[in-house]
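One structure is given below, encoded as structure tokens.
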Amino acid sequence: MENRLNRYVNQTFLIVDDFMEFRHSLKRMIEGMGGHEIDLAASGDEAVESYGKKHQDIVLIDYNLGESSNGLQVLEELRYKEILRHDSIVILITGETSMEMIQSAIDVNPDDCLPKPFTKATLKTRLDRAYEKKQAMKLVFQALNDKDYLKAISCCDYLISKKSKYTIACHRIKADCYLRLGQPADAMAIYDVILERREISWALLGRARCKIHSSMYVEAIADLDRIIDVQKFSVDAYDQKVEALLAIGDYENAYKVLQATVSISNNSAVRQRKLAQLAIRYHHYETASAALRKAISLSKHSSAKKPEDYLNLAQVLSMIQGGNLGAASRRAPSELSRLLSQMHNEFAHNIQLGLACDIHAAVFLYMSKKTKEASIKIKQAHLKLEDLPDEFKPFLLDEIKFAHRVCPDLDGITALYDDFYANTKAKEQESDLEKASAYNNQGMNKFRDRDYDSAYKAFRSAHQNAPENVNIALNLMQAMTKLIGRGKDQPDFSELLESCARAMQSLANNDQRKSHFKLLFNHIRSHVVGRKVQQRQD
């Protein structure tokens, strides 16, 4: 039997705080509990590096880490890199009690939040509670670490049969595993049983997620509204509702819901990017610029940092500069100049981004009435692009299109556009969102009626009109899977599969849709490869 007095002797610890005095004070508390293998980190970068090497058993991390990324961002970074183990205990320590911090903590889901000030006894009580759960469910968490979801389900079933005190947690993990295995019906059955006994928000949220996976978007929205009516700060419910609204093409309501979500919790770079995209759609450029600045700030110290955020902000600032927005329009030129300089410094080795910056610098000169300098800049960029051996990145093509749209009479811009945008697939692939939405809705109706041939054709047309839409790509792959199961696969599956894979590249690693995509992708790919082998043998 375990000696509770010595349970932390063999555990490894990571303490993350920017104040040396607090780090050492916390270290002494841990040593008083028997812990002796203790690593210290003063910043988010140090924490990520240390955990990446040692995968400590227990992580005690302060929310406020000074000018580096905060504690929540560190946890997001570990999850983004897929290195945070399920059996590690994570305690978030904070002196803040704002609703924003609380909701952001819920987003990241640490094992516990410990408010300052606290005593050694309080810390031990919280640690003991988390430790006992991790030990009781050790085999479950090990299976999750290995992404062996079938084994995790089996381990949960064993604990449930033994009437473990963690039975509810096991049901919740089981349902999540079924979703990751691409089996939303099995997950939904678990949620339905729980909801028959009592309406619990996490079960309602899970059922809504199942419905989204099954393209039942309207039904999902109804479940999510029930959650929001009771818990107006349920960020997960808002996020899922945005996803469902975007899937059915209701961009206006998605924008409104996303604004409400960000007002509750604004510490997600992914959420800020979505807000910026929708704000741009409705020409709300000040909202878009604020969202992009926040996204840049949130991802600055992480591998989720995207050059597209900077370039999109440059475009938005140009629209503000050319608009009639008072002080914002007057500030835009100096802010844009600083941003372009920052981009050159931070992405010095990114050749294509450098060229995009050069093109945008020409836009800036044009809008500043320096047309001669702007024309020279465009022609110089044209020459550099001619010598570029690589396939153009989407953000570079987008910048060329943007420059042509806002500077149509600039000398050299039409030649640049014709040579490097109009003559690429970018123009052919330019999304007709309304048409894509109509085809997608048609496909969902046919899918519900089990007319998978018609659903496949509709989703294929939707995907052709909106090739970057993640939900449409998933819908198409689900229809392809159904046809394979009925022996009705099509010769264009291989090409469509590659196109769907490109759409999925935008997903964060911790997005549940990514695991669903991988399962569908592997299933379809193995069938396509097998069919080609059979054809060669025949």
Side-chain angles (χ1 to χ4, degrees), residues 79 82 84-87 109 137-161 166-195 202-217 219-220 223 236 239-240 243-244 247 447-448 450 452 455 459 470-471 473-486 489 493 497 500-501 503-504 507-530:
R79 288 204 170 96
E82 296 186 315
L84 184 59
R85 294 176 59 85
H86 291 270
D87 50 359
N109 193 28
M137 300 180 67
K138 185 176 182 178
L139 294 178
V140 175
F141 292 128
Q142 286 177 350
L144 291 175
N145 287 336
D146 297 334
K147 294 185 171 58
D148 189 343
Y149 300 118
L150 289 175
K151 183 177 179 180
I153 290 169
S154 176
C155 293
C156 285
D157 283 336
Y158 175 78
L159 290 173
I160 291 168
S161 71
Y166 303 111
T167 291
I168 294 297
C170 287
H171 281 303
R172 191 170 182 174
I173 289 172
K174 270 186 67 177
D176 183 67
C177 286
Y178 278 126
L179 265 180
R180 293 179 184 277
L181 289 167
Q183 299 172 223
D186 292 315
M188 199 180 304
I190 294 173
Y191 293 126
D192 283 339
V193 169
I194 291 169
L195 290 169
W202 64 259
L204 263 178
L205 183 67
R207 188 169 73 178
R209 190 175 286 118
C210 292
K211 290 176 179 178
I212 290 173
H213 274 267
S214 303
S215 304
M216 300 164 62
Y217 300 113
E219 295 89 338
D223 273 351
D236 276 348
D239 281 339
Q240 295 296 322
E243 183 182 334
F447 196 92
R448 289 193 197 101
R450 300 188 179 182
Y452 300 121
F459 287 139
V470 171
N471 289 310
L474 274 174
N475 290 343
L476 174 58
M477 292 173 70
Q478 288 183 140
M480 291 162 71
T481 302
K482 291 292 186 182
L483 290 181
I484 287 173
R486 286 157 177 73
D489 59 311
F493 273 14
L497 193 60
C500 288
M504 295 295 160
L507 285 181
N509 287 334
N510 59 355
D511 192 315
Q512 285 195 334
R513 290 173 296 175
K514 193 154 192 173
S515 57
H516 188 203
F517 159 74
K518 287 178 180 177
L519 288 163
L520 292 172
F521 180 86
N522 290 335
H523 177 70
I524 298 168
R525 183 177 60 180
S526 63
H527 178 82
V528 169
V529 171

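Here the straight-line distance linking atom CD1 of Ile190 with atom CZ of Arg207 works out to 13.5 Å at 0.5 Å rounding. Atom-to-atom distance recorded for Lys138:NZ and Cys155:SG is 12.5 Å, nearest 0.5 angstrom. Rounded to the nearest 0.5 Å, atoms SG (Cys170) and CD1 (Ile153) are 11.5 Å apart. Rounding to the nearest 0.5 Å gives a distance of 9.5 Å between CG of Leu520 and CE of Met480. Atom CG of Asp236 sits about 13.0 Å away from atom CG of Leu204, to the nearest 0.5 Å. Note that the CG atom of Asp239 and the CG atom of Leu205 stand 9.5 Å from one another [nearest 0.5 Å].
Scanning all heavy atoms of the two residues, the minimum distance from Ala175 to Ala187 falls at O-CB, 3.3 Å. Of all heavy-atom pairs spanning Arg448 and Ser215, the tightest one is NH2-O, 3.3 Å. Across all their heavy atoms, Phe521 and Ala501 have their closest contact at CE1-CB, 4.0 Å. Taking all atoms of both residues into account, the shortest heavy-atom contact from Thr481 to His523 is CG2-CD2, 3.6 Å. When all heavy atoms are compared, the tightest approach of Phe517 to Met504 is CD1-CG, 3.2 Å. Considering all non-hydrogen atoms of both residues, Val470 and Ala503 come closest at CG2-O, 3.6 Å.
Asp146 is not listed as a side-chain neighbour of Lys151, based on a closest heavy-atom distance of 4.5 Å or more. Contact annotation: the side chain of Tyr166 never approaches that of Leu159 to less than 4.5 Å [non-hydrogen atoms, C-beta and beyond]. Using a 4.5 Å heavy-atom threshold, the side chains of Ile484 and Phe493 count as touching. Tyr149 is not listed as a side-chain neighbour of Tyr178, based on a closest heavy-atom distance of 4.5 Å or more. Using a 4.5 Å heavy-atom cutoff, the side chains of Leu150 and Asp148 are in contact.
With hydrogens and angles ignored, the 3.5 Å screen pairs no side-chain donor or acceptor of Gln142 with any backbone N or O of Asp87. Side-chain atoms of Arg180 never come within 3.5 Å of backbone atoms of Leu519 as a donor-acceptor pair (strictly under, hydrogens ignored).
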Chi angles and distances behind the side chain to side chain contact (heavy atoms under 4.5 Å, CB included) call for Ile160, Lys174: CA-CA 11 Å; Ile160 291 168; Lys174 270 186 67 177; 4.0 Å; yes
Leu144 vs Arg85, side chain to side chain contact (heavy atoms under 4.5 Å, CB included): CA-CA, chis, key distance, verdict: CA-CA 8 Å; Leu144 291 175; Arg85 294 176 59 85; over 6 Å; no
Stepwise side chain to side chain contact (heavy atoms under 4.5 Å, CB included) check, Asp176 with Arg172: CA-CA 6 Å; Asp176 183 67; Arg172 191 170 182 174; over 6 Å; no
Test side chain to side chain contact (heavy atoms under 4.5 Å, CB included) applied to Leu179 and Leu181, step by step: CA-CA 5 Å; Leu179 265 180; Leu181 289 167; over 6 Å; no
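Atom CZ of Arg486 has more than 12 neighbouring heavy atoms from other residues, nucleotides or ligands inside a 6.0 Å radius.
Ring orientation note: the planes of Tyr452 and Phe447 are nearly perpendicular, at an angle over 60° on the 30°/60° scale.
Salt bridge status for Asp223 with Lys211: present, with a side-chain N to carboxylate O gap under 4.0 Å.
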